[in-house]
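Everything quoted here is computed from the prediction, not taken from an experiment.
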Amino acid sequence: MRRINIYITNLGRYNEGMLIGEWVKLPVDQNELQNVLNRIGINEQYEEYFITDYETLFSNLHINEYSSISELNDLADKIDSLADCDYDKLAAVLESEGSTSVAEVIELIDALDSFDLLEGVDTDHAIGEYFAEESFLLYGIPDSISRYFDYESYGRDIRLELNCCITSFGLVIDNR
């Protein structure tokens with residue numbers, strides 16, 4: 001599921017003790033949104049609605065009850081247009097950034113090329129091994145000596161020097 005699903009509720013009816021609403025899969029076109037609003041009774045008498053629940057795979061995306069449906073639609077469009085590798089990168093970036101608003105997620109998607117995701121690089125030891133191999137740091141050093149290299153300390157130092165974060169997806173490097 002890449003889409004964002006929101007539950008739109010009629011605020012006036014809610015205040016009267018009735019939960020009248022409907023799930024909407026985003027992105028949604030204006031005609032379908034208007035049909036949903038009509039079905040839940042948004043009219044001259046009941047003009048206001050709010051979001052009572054939402055579903056998304058991004059655990060750090062927070063949608064509040066008065067989030068803009070237009071802004072959420074824009075976000076859903078951007079998410080749907082991501083390639084699979086970028087989708088994983090976005091999930092990792094969101095995990096590294098912590099709690100983010102809809103506007104912040106849109107900004108992160110627009111800046112996604114400024115991040116690198118090293119999948120599976122999820123410990124200081126793995127960071128040390130990755131960068132030692134990529135930089136040929138131990139090239140030409142005999143195995144009898146290189147086996148004593150402290151990858152974990154080297155990886156920790158790299159992690160502290162770079163603007164990066166270990167996530168459940170791997171290492172996210174922020175190149176902004």
Side-chain angles (χ1 to χ4, degrees), residues 1-123 159-160 162-176:
M1 174 184 83
R2 287 193 179 187
R3 294 192 168 169
I4 299 167
N5 300 317
I6 58 174
Y7 193 83
I8 301 175
T9 302
N10 181 318
L11 179 60
R13 298 301 298 239
Y14 179 80
N15 289 335
E16 294 171 354
M18 299 181 74
L19 181 61
I20 298 177
E22 190 171 317
W23 281 102
V24 177
K25 290 182 180 181
L26 300 178
V28 63
D29 65 44
Q30 282 305 113
N31 290 334
E32 179 57 27
L33 179 60
Q34 189 57 53
N35 290 338
V36 169
L37 296 175
N38 291 338
R39 287 193 298 267
I40 66 170
I42 300 300
N43 52 38
E44 296 81 32
Q45 181 181 0
Y46 299 105
E47 298 175 349
E48 295 183 87
Y49 56 87
F50 68 111
I51 299 169
T52 44
D53 199 3
Y54 66 94
E55 297 173 337
T56 179
L57 292 179
F58 298 113
S59 60
N60 291 339
L61 168 60
H62 294 287
I63 298 171
N64 68 43
E65 57 195 11
Y66 297 111
S67 291
S68 163
I69 293 176
S70 175
E71 191 176 47
L72 288 169
N73 244 354
D74 291 344
L75 174 59
D77 275 334
K78 286 182 178 285
I79 290 172
D80 280 356
S81 68
L82 291 176
D84 287 341
C85 61
D86 286 339
Y87 181 75
D88 291 343
K89 186 193 292 188
L90 176 61
V93 167
L94 289 177
E95 185 179 321
S96 72
E97 293 289 315
S99 294
T100 50
S101 69
V102 174
E104 290 169 333
V105 175
I106 290 171
E107 287 177 18
L108 288 172
I109 290 173
D110 290 339
L112 208 53
D113 288 342
S114 299
F115 295 90
D116 293 317
L117 173 61
L118 305 179
E119 294 184 59
V121 180
D122 55 2
T123 64
R159 181 175 48 81
L160 294 174
L162 292 178
N163 190 11
C164 63
C165 180
I166 296 173
T167 71
S168 59
F169 294 88
L171 186 69
V172 173
I173 303 171
D174 184 346
N175 298 308
R176 293 180 288 177

Problem set entry | Verdict with reasoning, I4 to L61, per side chain to side chain contact (heavy atoms under 4.5 Å, CB included) | CA-CA 10 Å; I4 299 167; L61 168 60; 4.1 Å; yes
For this session: Test salt bridge (Lys or Arg N to Asp or Glu O under 4.0 Å) on R176 and E97 and set out the steps.
Result: CA-CA 13 Å; R176 293 180 288 177; E97 293 289 315; 3.5 Å; yes
Problem set entry | Derivation of the side chain to side chain contact (heavy atoms under 4.5 Å, CB included) call for D74 and K78 | CA-CA 6 Å; D74 291 344; K78 286 182 178 285; 5.5 Å; no
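The two residues N73 and P27 come nearest to each other via the heavy atoms OD1-CA, 2.9 Å. A pairwise comparison of heavy atoms in N60 and L94 identifies ND2-O, 2.8 Å as the closest pair. The two atoms that bring I109 and L82 nearest to each other are CG2-CD2, 4.3 Å, heavy atoms only. Looking at every heavy atom in both residues, N10 comes nearest to G41 through ND2-O, 3.2 Å. Minimum heavy-atom separation, D86 to L112: O-CD2, 3.6 Å. Between S67 and I51, the closest heavy-atom pair is O-CD1, 3.8 Å.
The closest donor-acceptor contact from the side chain of E32 to the backbone of D29 lies at 3.5 Å or more, if one exists at all. Side chain of K89 to backbone of F115: a donor-acceptor contact under 3.5 angstrom is found. With hydrogens and angles disregarded, no donor-acceptor distance shorter than 3.5 Å links the side chain of E22 to the backbone of R39. Using a distance-only test at 3.5 Å, with no hydrogens or angles considered, a donor-acceptor pair links the side chain of Y7 to the main chain of G21. A donor-acceptor pair is defined here as one N or O able to donate and one able to accept, closer than 3.5 Å; no such pair exists between the side chain of N5 and the backbone of E55.
Rounding to the nearest 0.5 Å gives a distance of 12.0 Å between CD1 of I20 and CG of L11. The distance from atom CG of L171 to atom SG of C165, rounded to the nearest 0.5 Å, is 8.0 Å. Going from atom CD1 of I106 over to atom CD of E104 covers 10.5 Å, rounded to the nearest 0.5 Å. A distance of 12.5 Å separates CZ in R159 from CD1 in I173, rounded to the nearest 0.5 Å. The OG atom of S114 lies 11.5 Å from the CG atom of N163; values are rounded to the nearest 0.5 Å. In this structure, the separation between OG1 on T9 and CG on L19 is 5.0 Å, given to the nearest 0.5 Å.
You'll find the side chain of L75 stays beyond 4.5 Å of the side chain of L26, heavy atoms only. Y46 is not listed as a side-chain neighbour of I40, based on a closest heavy-atom distance of 4.5 Å or more. Contact check for Y49 versus I69: side-chain heavy atoms found under the 4.5 Å cut-off. The side-chain heavy atoms of T56 and I79, taken from C-beta on, include no pair separated by under 4.5 Å.
Within 6.0 Å of atom CD in E48, 12 or fewer heavy atoms from other residues, nucleotides or ligands are found, so the atom counts as exposed in its surroundings.
Under the 6.0 Å cut-off for aromatic ring centres, F169 and Y87 do not qualify, their centroids lying 6.0 Å or more apart.
The aromatic rings of F50 and Y14 stand perpendicular to each other, their planes meeting at an angle above 60°, with 30° marking the opposite boundary.
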